[in-house]
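See structure below.
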Amino acid sequence: MNTCLPRVGTTDAEGGKTEPATGTQTVRRLIVLMLFTAAALDLTRCGLVMASARHPGPTAGLVAAGLAAAALTARTARGCRAGRRWAGWAAVLIGLASAPQAAASGFRSPYLIPDTATAALGILLAVTILATAGRTDRRDTTPENPPGQEAMTSNEGRSAAIGSSAH
């Protein structure tokens, strides 16, 4: 996996511009949206911890961990949007770590909804990135004419095809 998703404008070996694979912008936006949603769920969990806090020591540790996870996820989303190499790997790790992180609180009230959403979103994020990993850096592979030969127009091609089938 070279990048999170292919960049909008890439260059081929000859220095010419190539077109990105169809739908890569949509997939990139979807992954960035999922990462920002995961960050928002981390912040929601932090707010719930603070609202139901009984002991300041463990609460401060949980809030710090939640804020760090949200910051890392938001940074990864920005890197993914920019097509950074490390962002794809970081997003997969975030997706894979989301379900165990959500399960740590035991899916009990008041964390049931954000934990369930975090687990489902993490699995969906990891699957989406892994499913699109093979689509990076696709190049336009239309064959060009050999050197010294001119391109046939559509009428010349049709007459040549008709002439060869008549023999």
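Because only heavy atoms are used, hydrogens play no part in the values below, and waters and symmetry mates are left out as well, while side chains stay in. Quick caveat, the model's predicted, so the values are computed rather than measured.
- Side-chain atoms of Thr132 come within 3.5 Å of backbone N or O of Ile129 as a donor-acceptor pair.
- Annotation for Ala91 and Thr76: closest pair N-CG2, 3.7 Å, computed over non-hydrogen atoms.
- Smallest separation of non-hydrogen atoms from Ala87 and Gly79: CB-C, 3.5 Å.
- Residues satisfying the side chain to side chain contact (heavy atoms under 4.5 Å, CB included) test with Ala126, not counting sequence neighbours, are Leu96.
- Residues Asp42 and Gln101 come closest through the heavy atom pair OD1-NE2, 3.2 Å.
- In this structure, Phe36 belongs to a hydrophobic cluster whose other members, linked by side-chain heavy atoms under 4.5 Å apart, are Val32.
- Note that the CG atom of Leu35 and the CZ atom of Arg75 stand 13.0 Å from one another [nearest 0.5 Å].
- For the side chain to side chain contact (heavy atoms under 4.5 Å, CB included) test, residues two or more places apart in sequence or in another chain that qualify with Leu67 are Leu43, Cys46, Val63.
- Residues Ile31 and Cys80 approach most closely at CG2-SG, 3.7 Å, considering heavy atoms.
- Residues in residues 47-56 take part in no salt bridge (charged side-chain N to carboxylate O under 4.0 Å, His left out) pair, two or more places apart or across chains.
- Hydrophobic clustering places Ile94 together with Leu130 (ILVMFWY residues linked when any side-chain heavy atoms are closer than 4.5 Å, directly or through intermediates).
- Counting non-hydrogen atoms of neighbouring residues, nucleotides and ligands closer than 6.0 angstrom, the CD1 atom of Ile113 reaches no more than 12 such neighbours.
- Listed by chain and number, the residues in a side chain to side chain contact (heavy atoms under 4.5 Å, CB included) with Leu62 are Val49 (sequence neighbours excluded).
- Across Ala74 and Ala39, no two heavy atoms sit closer than the pair N-CB, 4.4 Å.
- Legend: salt bridge (charged side-chain N to carboxylate O under 4.0 Å, His left out) pairs involving residues 86-97, not counting sequence neighbours: none detected.
- Annotation: the span from Leu48 atom CG to Leu112 atom CG amounts to 11.0 Å, rounded to 0.5 Å.
- Scanning both residues, Pro114 and Pro110, for their nearest heavy atoms gives CD-O, 4.1 Å.
- With sequence neighbours left out, Ala119 forms a side chain to side chain contact (heavy atoms under 4.5 Å, CB included) with Ala99, Ala102, Phe107.
- Listed by first then second residue, pairs satisfying side-chain hydrogen bond (donor to acceptor under 3.5 Å, both in side chains) with a partner in residues 118-128 read Arg45-Thr118, not counting sequence neighbours.
- In the hydrophobic clustering of this structure, Leu124 does not group with Leu93; members are Ile, Leu, Val, Met, Phe, Trp, Tyr whose side-chain heavy atoms approach within less than 4.5 Å, directly or through other members.
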